[in-house]
There are 2 protein chains.
Amino acid sequence: MPANSAPDSTSTRDRILSVAERLFAERGYNKVSLRSITAAAEANMAAVHYYFRTKEALLRAIFEARTAPLTAERQRLLHAVLERSGDSPPPVREVLAAFIGPGIRLASTPSGAIFNQLSAICSVDPDPTVRSIVFAVHDDVAQLFVDALRRACPHLDAATFFLRVQCIFGSMMYVRANNGRVDRLMPLEAQPRDDVDTLLEMMLDFLTAGMAAQPTPTARPGGPSKAAQ
Amino acid sequence: MPANSAPDSTSTRDRILSVAERLFAERGYNKVSLRSITAAAEANMAAVHYYFRTKEALLRAIFEARTAPLTAERQRLLHAVLERSGDSPPPVREVLAAFIGPGIRLASTPSGAIFNQLSAICSVDPDPTVRSIVFAVHDDVAQLFVDALRRACPHLDAATFFLRVQCIFGSMMYVRANNGRVDRLMPLEAQPRDDVDTLLEMMLDFLTAGMAAQPTPTARPGGPSKAAQ
DNA sequence: GTCTATATGTGGATAGAC
DNA sequence: GTCTATCCACATATAGAC
């Protein structure tokens with residue numbers, strides 16, 4: 001029963017969710033206390049326990065709310081690519097676009113950009129609590145992506161494919177995190193973040209070319225022993 | 001720095017350093033207490049204060065000890081590449097190899113692999129304390145690398161170059177972190193980590209191809225308004 | 001140099017009033 | 001549903017004995 005005279009139309013629960021998401025993204029899960037969240041959300045600690053029970057469950061709720069539409073979109077796009085290609089290998093660029101695009105496009109809204117930062121930070125967090133949450137919400141669609149990409153790359157041996165998938169994940173994570181590391185090293189040049197479609201095309205240019213590259217022949221089990229220069 | 005076979009020949013200070021490095025790499029700076037470090041190093045908390053004064057200074061000492069030879073090697077290789085190429089653009093692959101190689105090669109020793117994990121985790125840590133340490137020890141050589149790579153890539157506009165550098169950093173970080181995210185998504189296929197030279201060549205294949213790619217013409221300030229498909 | 005003991009602060013969780 | 005007050009565990013840092 002919402003009060004029609006309330007100055008804030010948002011509920012206490014929603015305020016906690018959005019404030020926690022922002023603070024976690026800025027400072028990391030472990031460095032944000034429930035006290036600071038409730039202070040910024042104009043609530044108290046008992047409210048967090050009432051709605052979410054624990055701090056971990058609060059993080060999980062944030063991820064589930066955000067990743068549900070993201071995962072649905074990725075799955076829809078991936079399945080569309082696979083259907084279009086039928087029995088032949090799907091185009092690498094389209095597979096990449098289906099998986100990376102929805103995440104990159106989040107950056108076009110302020111709240112989406114915040115979640116992108118949170119998602120990137122948490123995806124490399126060594127804390128088992130954080131890891132289990134991230135893995136749980138992403139594993140299904142990530143598996144679908146990896147399988148589709150594998151079909152798109154029959155020219156790669158398993159080890160090379162494995163390493164390149166790591167590069168894709170790392171690139172995506174780093175761009176989404178947008179942590180200012182590279183900014184310090186470049187002059188005043190424009191950053192393309194205000195146009196997510198251009199940003200996505202730039203990423204696809206880079207990653208597609210990387211996946212298309214023919215592996216350098218090198219010492220491999222059963223292969224020749226001398227690397228080409 | 002002598003052999004690590006003697007259990008008690010190491011000094012208390014060295015044991016604290018190496019135990020802290022391992023625990024920080026496994027669980028992250030914020031999740032490791034000085035208590036757990038001193039317990040594992042068979043010392044006590046007062047010893048940490050005696051040798052390093054604070055937890056932050058302990059992390060800084062770890063990084064400075066590890067990055068000093070790493071940075072020297074990177075600078076040596078980068079300068080060698082630049083001298084070889086003279087006034088003409090240096091080869092992209094060689095510039096990449098000079099910067100990425102020394103870090104990747106650390107993975108060939110157990111202690112180097114531990115520091116690789118620590119370095120990767122800390123390079124995306126949002127904590128300002130951690131960030132300032134990482135930036136301080138890496139900024140000089142990273143700047144040298146970015147400048148050299150810029151010279152190697154005259155075919156790229158500033159925004160595209162900027163984004164691709166982020167992809168390089170992200171790829172390097174993710175591979176060095178080796179956090180098990182991708183392992184979950186792949187079957188029993190071999191991981192190439194036992195041969196760091198092959199691993200480095202694989203990364204160079206991918207990243208060099210990505211940097212060489214011609215950018216997709218798209219809507220850019222002063223450019224045509226319709227993107228090619 | 002190395003230890004015990006402790007000062008001082010902060011964290012998550014919760015009981016119970018309203 | 002929302003709050004105040006509090007419990008208890010654990011963090012860093014340090015004082016002072018030996």
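Letters A, B, ... are given to chains in the order of the sequence lines, protein chains preceding strands, and every chain is numbered from 1.
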Review point. Quick one: L58(B) CG to dA11(D) C1', roughly how many Å, whole number?
Key: 15 Å

Review point. Listed by chain and number, what are the ring pair (Phe, Tyr, Trp, His ring centres under 6.0 Å) partners of F145(B), not counting sequence neighbours?
Key: F99(B)

Check your understanding: Do any N or O atoms from the side chain of Q143(B) and from the backbone of L185(A) form a donor-acceptor pair under 3.5 angstrom?
Key -> yes

Point to revise | Inter- and intrachain pairs under ring pair (Phe, Tyr, Trp, His ring centres under 6.0 Å), touching residues 101-128 of chain B, at least two apart | key: F63(B)-F115(B)

Revision key, fill the gap. Comparing Y51(B) with Y29(A), nearest DNA chain C nucleotide closer to 5' gives the residue Y51(B)

Review point. Within the structure, does a side-chain N or O atom of S33(B) lie under 4.0 Å from either OP1 or OP2 of dA11(D)?
Key: yes

Practice item. State which residues pass salt bridge (charged side-chain N to carboxylate O under 4.0 Å, His left out) with R27(A); sequence neighbours excluded, sorted by chain then number. Key: none

Review point. Roughly how many Å is it from CD1 in I37(A) to P in dG11(C), rounded to a whole number?
Key: 11 Å

Exercise for review: Figure out the CD1/P separation between I16(B) and dA13(D), and round it to whole Å.
Suggested key: 14 Å

Revision key, fill the gap. Rounded to whole Å, CG of D14(B) lies from C1' of dG1(C) at a distance of 15 Å

Practice item. Provide, to the nearest angstrom, the distance between the OH atom belonging to Y50(B) and the P atom belonging to dT2(C). Key: 7 Å

Practice item. Would you tell me if any nitrogen or oxygen in the side chain of T12(B) comes within less than 4.0 Å of OP1 or OP2 on dT2(C)? Key: yes

Practice item. Considering just the side-chain nitrogens and oxygens of N44(A), establish if one lies under 4.0 Å of OP1 or OP2 belonging to dC3(D). Key: yes

Exercise for review: Summarise how protein sits on nucleotides 13-18 of chain C as a single string, 5' to 3': B when a protein heavy atom is under 4.0 Å from the base, S for sugar-phosphate-only contact, - for no contact.
Suggested key: BBB---

N/O donor to acceptor pairs below 3.5 angstrom from side-chain atoms of residues 48-55 of chain A, sequence neighbours left out:
residue	atom	partner	partner atom	Å
T54(A)	OG1	A57(A)	N	3.0
K55(A)	NZ	Y29(A)	O	3.1
K55(A)	NZ	V32(A)	O	2.8

Point to revise | Pairs meeting criterion side-chain hydrogen bond (donor to acceptor under 3.5 Å, both in side chains) with involvement of residues 130-142 of chain B, two or more places apart | key: R181(A)-D139(B), R184(A)-D139(B)

